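Take a look at the structure set out below.
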2 protein chains.
Amino acid sequence: MSPPPSAEAFPANTPTAAQIFTTVLSEGPLTRLDLARRAGLSAAAVTKAVRPLIGAGYLVEDVDEDARPALGRPANLVRVDGGRALFIGIKVTGDEIIGVLTDLRCRIMVARHLPLADRDPGPVLASAAELVRELLTEADGLGVRVVGSGISVSGDVDRAEGVVRYSPFLGWRDVPLASLAAEATGLPVTVDNDVRALTVAEQWFGAGVGLSDFAVVTVGAGIGCGLVVHGKVVAGAHGVAGEIGHVTVDPAGPPCHCGNRGCVEAIAGDAALVRQVGAATGTHVTDVAQALALARQGVPGARAAYARAGEAIGRGIATVANLLGPERVIISGEGLAAYDLFAEQIRDAFAAAAFGSAAQCDLRTRPLPFEEWARGAAATAIQSFIRSDAY
Amino acid sequence: MSPPPSAEAFPANTPTAAQIFTTVLSEGPLTRLDLARRAGLSAAAVTKAVRPLIGAGYLVEDVDEDARPALGRPANLVRVDGGRALFIGIKVTGDEIIGVLTDLRCRIMVARHLPLADRDPGPVLASAAELVRELLTEADGLGVRVVGSGISVSGDVDRAEGVVRYSPFLGWRDVPLASLAAEATGLPVTVDNDVRALTVAEQWFGAGVGLSDFAVVTVGAGIGCGLVVHGKVVAGAHGVAGEIGHVTVDPAGPPCHCGNRGCVEAIAGDAALVRQVGAATGTHVTDVAQALALARQGVPGARAAYARAGEAIGRGIATVANLLGPERVIISGEGLAAYDLFAEQIRDAFAAAAFGSAAQCDLRTRPLPFEEWARGAAATAIQSFIRSDAY
DNA sequence: TTCTTTCATTGACAGCAGAAAATAAGGCGC
DNA sequence: GCGCCTTATTTTCTGCTGTCAATGAAAGAA
C-alpha cells in the first residue's frame, strides 16, 4: 500500500505485538496467561507487549466478576477497546456504493448507501468520497477519530499495490484506487477484492476465528469463494482465486457467461435462477424476488430450479472440501434468503460428493446483511492499521 | 514425529539457519550476498549462519571460475555437499515396496524393489526393514552414514504423529508406522502421504523450487494432487486434501468406486481406461499397457477413451487453478506414458475451463520414473533432518 | 602501484523473548 | 485478623539473533 497520508501510529512495532493484539481482538477478552498460551509465548512477553497497548488505550483491562475461579489470584481480562478508533468500509457494486462506519472491533456503528449512476472510476470515486465525508461527519458526532478505510471491489485486485487490475463488473482496468481514494478522502486506504475482504472479516471477527483452514462461499448474483489456508487468505499467484462460481458441475448444463457450460454460477447464480424459473413456469420472471416467490408458492418448476441450484452449490463446496480439506465452510450471501429452498440439496450433494474424511467438514450458514460486504472492507482496513506492513 | 532413535545432530538450531540451508539446498550454489537477499537477511547474518554448517561439512565453498564478474572481488559460492549424508526413501504400494538411497541433495544413488505378497502391517514392515538393510549395506560401501528415512503410503497419514490413519489400498487403520519402522530399522523415520511426499520433492528439488503456490497432479492408477499454498504443503484439517481424483467432471459419467459418477478418476484412472478401451473396442483388455497399445495403433474407440481421459484431467486441473490460482501445475505420474495421446485434450480442456487469469497458470509435465515416489519419501526425511521440529 | 569495485567478515550493540524469582490478590482455616 | 495456599502477573536478569557500520580481501583498471 502507498504510505498512509495521515495516520495515528499503532504502538505494535513487532510482529509479536501485532499477533498478541490480533489474538485479543479475535478471541475476545482473555487473561494474559491464556493469551500467552494461544500465542505460544511466555507470560512475561505478554505483559511487556500489552503494556504499551494499554497505555495507548487500544487495550483495556477488566475483571470478570462472574467466572472467578475458586482458588488463586483472580485473573485480569484484557480486551480491545472498540471505541478507541473508527474505520470506514466501502463496497462498490454495480449500482450502488455501501459504506459503513465501524469501531476497532469491526462492529457497525452507521451504515449508508448511495445509488450509483455511472460506473467509471471518476464518478465512483466522487460518490465514494461523498459517502466517506458523510461517515466522517457521523464519526465527529461520536468524538472518535477515523484512522483508516477499506474499499472492496469485485474482480482482480492487487491489495499490496492498491490497484484494481481488472473488474469486469465495473469495466475497470488498472485503476490505482488506493492512491486515488487516499487523495480524495485524506484517509489511509486499503483496497481488496470483495470476497477476500469478507473472508478477512470472518477470519478475524466471524465464524473463522481460530481456524487455520476454512472457506467462505457466497451465494447471490455470482457464486464466490474466499479461502483461508495455513491461516492466510489465498490470493492466487495471478490475483484470482476462489472462483468456485466457474467450477463445472455439469458439462451438459446451461451455458455460462464465461463461455463454458454448467458452471455453478450458471445454475445457481441469480440470473440463472431467474431464467430457469421463468422457463420452467412459463411466466415472465424479472428478478430473483419473483423467482423466489414462485418457488415459495410451491410452483413445481420453480422449486426444481432451486433444488438444482442447491445441488450445484453442494457439489461446488464438495470440490473445495476435496481439494483443500478445510475445517469449516461458511455459506453466506444474499442468496441465502432462499436457504430453506435448497438447504437440503446443498447438504445432500455435499455429503455425496465429499470424499472420505472431507465430509467431516463443518458446513455452516451465516446470514449476510447488506452492509456485511462493506464491513469486510472495514476489516481489511483494521488489518492494515494493525500491521502496517501487512498482508 | 517421535524422537529420532539415533541421529547425528544437524547444526542448524535456529529457524533462520534452517531456512538458509534450505535455500542453498533448493536454489543451488549461491553467493552469500545472493543468499542474504533471498532469505531477506543481512549479509552478516548469512556469514554467521553458514560458518557452522561449513564446519560440519554440510556446506562447502567453491569459486565459480566461469561466471566471474568483470569488476570487484570474485564471489565464493556456497553449496550443499550432497555426499555428507545419505537418506533412505521407501514407497509402499499394493504389490511392491520401492526403496531408494539418496544423498543430501536427494539424488538417487541406488534403487531397489521388493515384491509384496501380504499387505498387512507386519509383513510389510518386515519387507521394508529388509529393503532398508540392503540399502544400508550399499551405504556402507559408500562410506557415508544414513541419517534418516522416510516412508510414504497412500491414504490418510498423520505425519506429525507418524501414524497411518487410514489407507484403503493397504487396508490399514491407525498404524503407528513411524515408531514401528524406527524400531525395526534403527533409523529416524518420517511417514507421510505419498502424493504429499512427491510434492515435497518437487518443492525442494524439482519444478516447484522458488514457487510459493503450485500443484502436482499425478496420473496413474489413481489421479492425485499435492498442493503447495503460501509456501507450505496443504495437509487438510482432516488429513485429506488434494483429492482431485474425486472431483466430479461429469455427473452423467461412469460410476466411480467412491460411489459417485464421473469423477476424474472414474474417467482417467488406469482401471477406467482399461474398462473403456475394452468396451469401446470389444476386445478383452487386461491392463493399461494393452489399452495404451490399442490407442497407439489408432483404434478409434481406444483413442476416444484417452481423449476423454485427457479432457477430464484438464478439467480437474482447471478446477484447481480456478480455486487456488497456482503459479504452476506439474503433471506427472506413470500415466504420463500416454501423454502423447491426451496432451492436447488436457491443454484444451484446461484452457476452456480456466477462468480469467487462472489460465495464465503454467502447465508443465514431468516424467516420473518408478523410483520417484520413493525419492519423495526421501525428501520428507531430508526435510525432517533439517528442521527436526518441522512440518 | 594505487584505485575502484564488489564480496565477505568483524565486533559493538540493540531488542526481544525466556527463565526464574519476586510480588500481588484472592479464598480458606483457624 | 493471621498465616497459608493457589494462581496471576510483574520484575530482573540473561542469552541470543540479527543489524549496523567499519574493515578486510580479491580481483581488474588506470
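Chain letters run A, B, ... following the sequence lines, proteins first, then strands; residues in each count from 1. What you see is a predicted model, and the numbers here were worked out from it, not measured in a lab.
Going from atom CG of N13(B) over to atom C1' of dG15(D) covers 13 Å, rounded to whole Å. To the nearest angstrom, P of dT17(D) lies 14 Å from CD of Q19(B). Here the C1' atom of nucleotide dA8(D) and the CG atom of L30(A) are 14 Å apart, to the nearest Å. Across the protein-nucleic acid pair, D34(B) atom CG and dC7(C) atom P stand 9 Å apart, rounded to whole Å. In this entry the distance linking CG of L77(A) with P of dT7(D) reads 18 Å, nearest Å. Residue N76(A) contributes atom CG, which lies 11 Å from atom C1' of dG26(C) at whole-angstrom precision. Atoms CD1 (I20(A)) and C1' (dG18(C)) sit 13 Å apart, rounded to a whole Å. Distance CZ (R32(A)) to P (dT11(D)): 10 Å, rounded to an integer number of Å.
For the atom pair T185(A) OG1 and L180(A) CG, the distance stands at 10.5 Å (nearest 0.5 Å). Rounded to the nearest 0.5 angstrom, R366(A) CZ and E202(A) CD are separated by 4.0 Å.
One can find a donor-acceptor pair under 3.5 Å joining the base of dA24(C) and the side-chain atoms of R73(A).
The listed nucleotides are dT17(D), dT9(D), dT5(C); the one nearest the side chain of L71(B) is dT5(C). Nearest nucleotide to the L33(A) side chain, out of dG18(C), dT17(D), dT9(D): dT9(D).
Using a 4.0 Å cut-off between charged side-chain N and carboxylate O, R105(A) and D103(A) make no salt bridge.
Partners of D174(B) by salt bridge (Lys or Arg N to Asp or Glu O under 4.0 Å), not counting sequence neighbours, listed by chain and number: R165(B).
Tested against E61(A) for a salt bridge (charged side-chain N to carboxylate O under 4.0 Å, His left out), the candidates R79(A), R51(A), R32(A) yield a single pass: R32(A). Shown are V228(B), V233(B), V234(B), T380(B); of these, the side chain to side chain contact (heavy atoms under 4.5 Å, CB included) with R196(B) is made only by V233(B).
Taking a 4.0 Å limit (strictly below) on heavy-atom distances, residues 43-52 of chain B reaches DNA chain D at A44(B), A45(B), K48(B).
Annotation: cation-pi geometry satisfied between R84(A) and Y58(A) (NZ/CZ under 6.0 angstrom from ring centroid, within 45° of ring axis).
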